[in-house]
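What you are looking at is a predicted structure, and each value in this text was computed from that prediction instead of being measured. Only heavy atoms go into these numbers, but all of them, side chains included; no hydrogens, no water, no symmetry mates. One is the number of the first residue; the rest follow in order along the sequence.
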Amino acid sequence: MLLVWTGFILFIILLLLLDLGILNRRPHAISMREAMRWSALWIALGVAFCFVIYDGYAHHRFGQGAWPDAIDGRLNDGPTAAAKYLAGYVLEKALSVDNLFVIAVIFRFLAVPAEQQHRVLLWGILGAMVMRGLMIGVGVELIRHYHWVLYVFGGFLLLTGLRLLILPEHPPDPAHNIIVRLARRFLPLTPRYHGGRFLTWENGRRVLTPLALALVLIETGDAVFAVDSIPAVFGVTADPLLVYTSNIMALLGLRALYFALAGLLDRFHYLKVSLALILLLVGGKMLASHWIHPLLGQYAVLVLLGLVALVLGAGVVASLAFPSTRKDIAPVPNTPAETTAAGS
């Protein structure tokens, strides 16, 4: 299995190097058309990886599928592993949409130049890969040794879903974010951008640019969203390879998806309801797994995948059919502001 993990990580690093060093070597504002092409490419790549998973588990290459999955107690063969990977991928992709709203607010608040947004999100993805790997590792070990943790995860997802449905929604205000307040107080910050630099020199001292503050806010925001999305994937499988690969392959397309939807986020106002229902659905499935798995058997994951796709699609259709008059998310500015949250 070590060879499989090493190969996957090297594959991801190669993709990121190709993205940054060749295809996006020159910083520029990402147009919607370009973002749509990239988004389609990353989604196609994520879905195509499903066949790699199928082949590896069907032939148990390098030990894949050699141990029972702690979620359903079954050995993962090709079809079940592919279905679980795809379900995890769709769940992560769906739940990450909520993260796009927060990213848009951060970029607007700090007036991050459009040509530098791709760079910030790329480094954010690298940090998320490491952080989520650690969180997944801890979660898998907890489930292996304490199966009742699954019920804790399920209850947490139910409470989170109910909170999203019941409590009134307030757009996040980075000006009151604890990270921003601490950064203003303790870190040497400059309110001015210096190209794509995260660090620069001003008045003889090393200072952080607003680009660095944007990266920190995005990383902390991803940590918060990972607390929801990773337990949700554990509702499908506890196989660490399937959980991690589905998470990372979904994250790879997050940047392109953001640029594709940045100017349209305010139109998809019912996606919040869809995401809440998805959390309720997965949380309920985890709590009722003792009855669901014997009843549906190997089709349990496919049923869950179909329901998640149905709920997500309904949110998109409802948003387009019943437009909102709210304008909480405005288009992200393309030019930096002289006075930002970095200075005070």
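- When each of Val224, Asp222, Leu257, Leu251 is tested with Asn99 by the rule side chain to side chain contact (heavy atoms under 4.5 Å, CB included), just one qualifies, namely Asp222.
- Residue Ala94 comes nearest to Ile278 through the heavy atom pair CB-CD1, 4.1 Å, listed as atom of the first residue, atom of the second, then distance.
- Using a 4.5 Å heavy-atom threshold, the side chains of Phe225 and Leu95 count as separate.
- The side-chain heavy atoms of Glu219 and Ile179, taken from C-beta on, include no pair separated by under 4.5 Å.
- Other residues, nucleotides and ligands place no more than 12 heavy atoms under 6.0 Å from the OH atom of Tyr54.
- The side-chain heavy atoms of Leu208 and Leu199, taken from C-beta on, include a pair separated by under 4.5 Å.
- Under a hydrophobic-cluster definition in which Ile, Leu, Val, Met, Phe, Trp and Tyr are linked whenever side-chain heavy atoms come within less than 4.5 Å, directly or via other members, Leu91 and Tyr299 are assigned to different clusters.
- Separating the OG1 atom in Thr237 from the CG atom in Leu242 is a distance of 4.5 Å, to the nearest 0.5 Å.
- Between Ala66 and His60, the shortest heavy-atom contact is N-ND1, 4.4 Å.
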task = Test side chain to side chain contact (heavy atoms under 4.5 Å, CB included) on Asn247 and Val243 and set out the steps.
result = CA-CA 6 Å; Asn247 253 258; Val243 177; 4.3 Å; yes

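- Annotation: Phe107 is in aromatic contact with Tyr258 [ring centroid separation under 6.0 Å].
- Checked by atom type and distance alone, the side chain of Glu92 never pairs as donor or acceptor with a backbone atom of Val233 at under 3.5 Å.
- Crowding of Arg61 atom CZ: a count of heavy atoms from other residues, nucleotides or ligands under 6.0 Å exceeding 12.
- Note: the hydrophobic cluster containing Leu312 does not contain Val317 (ILVMFWY, side chain heavy atoms under 4.5 Å, direct or indirect links).
- Using a 30° and 60° split on the angle between ring planes, His147 and Tyr151 fall in the perpendicular class, above 60°.
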message = As a quick check of understanding, evaluate side chain to side chain contact (heavy atoms under 4.5 Å, CB included) for Arg197 and Leu211, giving each step before the final call.
response = CA-CA 7 Å; Arg197 297 180 181 178; Leu211 212 61; over 6 Å; no

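- Taking both residues in full, the closest heavy atoms of Ile292 and Ala300 are given as CG2-CB, 4.3 Å, listed atom of the first, atom of the second, then distance.
- The aromatic rings of Phe49 and Tyr85 sit tilted relative to each other, their planes meeting at an angle between 30° and 60°.
- Residue Leu126 forms a side chain to side chain contact (heavy atoms under 4.5 Å, CB included) with just one option from Ile13, Ile12, Leu16, and that option is Leu16.
- Tracing side-chain contacts under 4.5 Å through hydrophobic residues (I, L, V, M, F, W, Y), one reaches Leu241 starting from Val138; they form part of the same cluster.
- The heavy-atom pair separating Gly161 from Ala276 by the smallest distance is O-CB, 3.6 Å.
- With contacts defined as side-chain heavy-atom distances shorter than 4.5 Å, the pair Trp42/Leu15 qualifies.
- Note that CG of Leu75 is 10.5 Å distant from CG of Asp239, once rounded to the nearest 0.5 Å.
- A distance of 11.5 Å separates CG in Leu254 from CG in Leu122, rounded to the nearest 0.5 Å.
- The backbone N or O of His194 sits nowhere less than 3.5 Å from a side-chain atom of Thr209 that would complete a donor-acceptor pair.
- Environment of CE in Met129: crowded, with over 12 heavy atoms of neighbouring residues, nucleotides or ligands closer than 6.0 Å.
- Counting all heavy atoms, side chain and backbone alike, Leu271 lies closest to Gly315 at CD2-C, 4.3 Å.
- Inter-residue side-chain proximity for Val140 and Ile136 is flagged as met; some heavy-atom pair is nearer than 4.5 Å.
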task = For the pair Phe234 and Val149, evaluate side chain to side chain contact (heavy atoms under 4.5 Å, CB included) and give the outcome as yes or no after the intermediate values.
result = CA-CA 10 Å; Phe234 280 138; Val149 169; over 6 Å; no

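- Expressed to the nearest 0.5 Å, how far SG of Cys50 lies from CG of Asp55 amounts to 11.5 Å.
- Residues Arg192 and Thr200 bring no donor and acceptor atom of their side chains to less than 3.5 Å of each other.
- With rounding to the nearest 0.5 angstrom, the CD atom of Gln117 is 8.5 Å from the CD1 atom of Ile218.
- The side-chain tip of Lys84 does not point at the ring of Tyr57 from less than 6.0 angstrom away and within 45° of straight on.
- In this structure, CD1 on Ile125 lies 8.0 Å from CZ on Arg132, to the nearest 0.5 angstrom.
- By the criterion of side-chain heavy atoms lying less than 4.5 angstrom apart, applied directly or through intervening Ile, Leu, Val, Met, Phe, Trp or Tyr residues, Leu307 is not grouped with Leu302; the two fall into different hydrophobic clusters.
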query = Can Leu320 and Val316 be said to form a side chain to side chain contact (heavy atoms under 4.5 Å, CB included), step by step?
reply = CA-CA 6 Å; Leu320 297 176; Val316 173; 4.2 Å; yes

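- Proximity of Leu280 to Leu162: side-chain heavy atoms (C-beta onward) are separated by under 4.5 Å at one or more points.
- Of the possible polar contacts, one joining the Ser289 side chain to the Met286 backbone as a donor-acceptor pair under 3.5 Å is found.
- Residues Leu110 and Leu217 form a side-chain contact, since some pair of their non-hydrogen atoms from C-beta on lies under 4.5 Å apart.
- Leu14 and Leu252 end up in different hydrophobic clusters when Ile, Leu, Val, Met, Phe, Trp and Tyr side chains are linked at under 4.5 Å.
- Across Leu150 and Ala70, no two heavy atoms sit closer than the pair CD1-O, 4.4 Å.
- Asp69 contributes a side-chain N or O that, together with a main-chain N or O of Ala238, makes up a donor-acceptor pair within less than 3.5 Å.
- Using a distance-only test at 3.5 Å, with no hydrogens or angles considered, no donor-acceptor pair links the side chain of Thr80 to the main chain of Asn76.
- Inter-residue side-chain proximity for Tyr89 and Ile43 is flagged as met; some heavy-atom pair is nearer than 4.5 Å.
- Here the side chain of Arg119 pairs a donor or acceptor atom with the backbone of Gly196 at under 3.5 angstrom.
- The 12-atom threshold is exceeded at CZ of Arg206, counting heavy atoms of other residues, nucleotides or ligands nearer than 6.0 Å.
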